[in-house]
Amino acid sequence: MPSEMIETDSHILVTIACLSDNYAFLLRDKATGDVALIDVPEAAPILAELAARNWTLSQIWLTHHHPDHVQGLAQILSEYPAPVYGAAADAHRLPDLDVSLGDGDSFTLGSALVDVIDVSGHTVGHIAFHVAAAHAAFTADSLMALGCGRLFEGTPEQMHASLNKMAAWPDETQICSGHEYTTANGKFALTVDADNTALHQRMNDIAKARAEDKFTVPSTLALERATNPYLRVSDPSLRAAIGLQDATDTEVFAEVRARKDAF
Ligand code: ZN
Ligand code: FE
């Protein structure tokens, strides 16, 4: 199974393709050798990546309870018995947690601080992990490349508030989202944001990447701010395109999300 790597002075970030369109991530602190696994869609490709790199696991972080994000956990734990971190609010429906987390909590991976935020919307209890020192955030099915997760449990108000929290991270933050959905997300984005030249440019880049079997995840927050319709709900031309010039940002968000569901 393929993987891709981004290396900074302090960290190595590995994106691992799992199942048909899921991603898992490994984040390694280069100074201490500590490694976190973020989400566990499928054990085999993750085990293969760890073996190939001769890495062990220090921590396992879960973003939300959906099977395609947790179902490989038991098999991973049988080889790498690392502590499992997840949302206290979802402890009843997540695998057994060693560390239960809530909005505003923080902990460390090696020498790096990890900030936890509640990003409810796709599910109520979905959390995201921001590692400022690694310029990386693990957002799974909340903020996604050119999209956001479907609202299975939360309200548009909740998801919009969650997206606003994530939009406050630094520009260079690598948004590590849970699925390779970018092409389909982009086709929809063009229907509400056709005048956005940055979006057209990104669609060209996405087509090129996918033709070469490259991942479009992670993506930077700066790129998402410029092209992701769910982060552009205050943009006048997007609002005009859907006839909601005078609506609140949350109303525009709700309309864009509803149109995507019907797309
Ligand atoms: Zn999900
Ligand atoms: Fe998912």
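Computed from a prediction, not measured in an experiment: that's the story for all the values here. Counting starts at 1 for both ligands and their atoms, in listed order.
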- Message: For Ile175, is there any backbone N or O sitting under 3.5 Å from a side-chain donor or acceptor partner on Glu224?
- Response: no

- Message: Only N/O/S atoms count here: what is the atom of Asp141 closest to the Fe ion (ligand 2) called?
- Response: OD2

- Candidate list Ile60, Leu94, Asp96, Asp39, test side-chain contact (heavy atoms from CB on, under 4.5 Å), partner Leu73, passing option: Ile60

- Message: Testing Phe129, Trp169, Phe25, Tyr23 one by one against Phe138 for a ring pair (Phe, Tyr, Trp, His ring centres under 6.0 Å), which residue passes?
- Response: Phe25

- Query: In His179, the N, O or S atom nearest to the Fe ion (ligand 2) is which?
  - Reply: NE2

- Query: Any ion pair linking Asp90 and Arg93 (charged N to carboxylate O, less than 4.0 Å)?
  - Reply: yes

- Query: Hey, any chance Leu163 and Ile242 share a hydrophobic cluster, counting ILVMFWY side chains that come within less than 4.5 Å of each other, even indirectly?
  - Reply: yes

- Item | Main-chain N/O of Lys214 paired with Arg210 side-chain donor or acceptor, under 3.5 Å | yes

- Task: Determine, step by step, whether Val35 and Arg53 satisfy the side chain to side chain contact (heavy atoms under 4.5 Å, CB included) criterion, reporting the C-alpha distance in whole Å, the side-chain angles of both residues, the deciding distance to 0.1 Å, and the verdict.
- Result: CA-CA 11 Å; Val35 177; Arg53 293 178 178 277; over 6 Å; no

- Query: Should Arg259 and Glu255 count as an ion pair when the cut-off is N to O under 4.0 Å?
  - Reply: yes

- Under 2.8 Å from the Zn ion (ligand 1), protein N/O/S atom count? 4

- Which is the closest N/O/S atom of Asp68 when seen from the Fe ion (ligand 2)? OD2

- Can you tell me the N, O or S atom of His69 that's nearest the Fe ion (ligand 2)? NE2

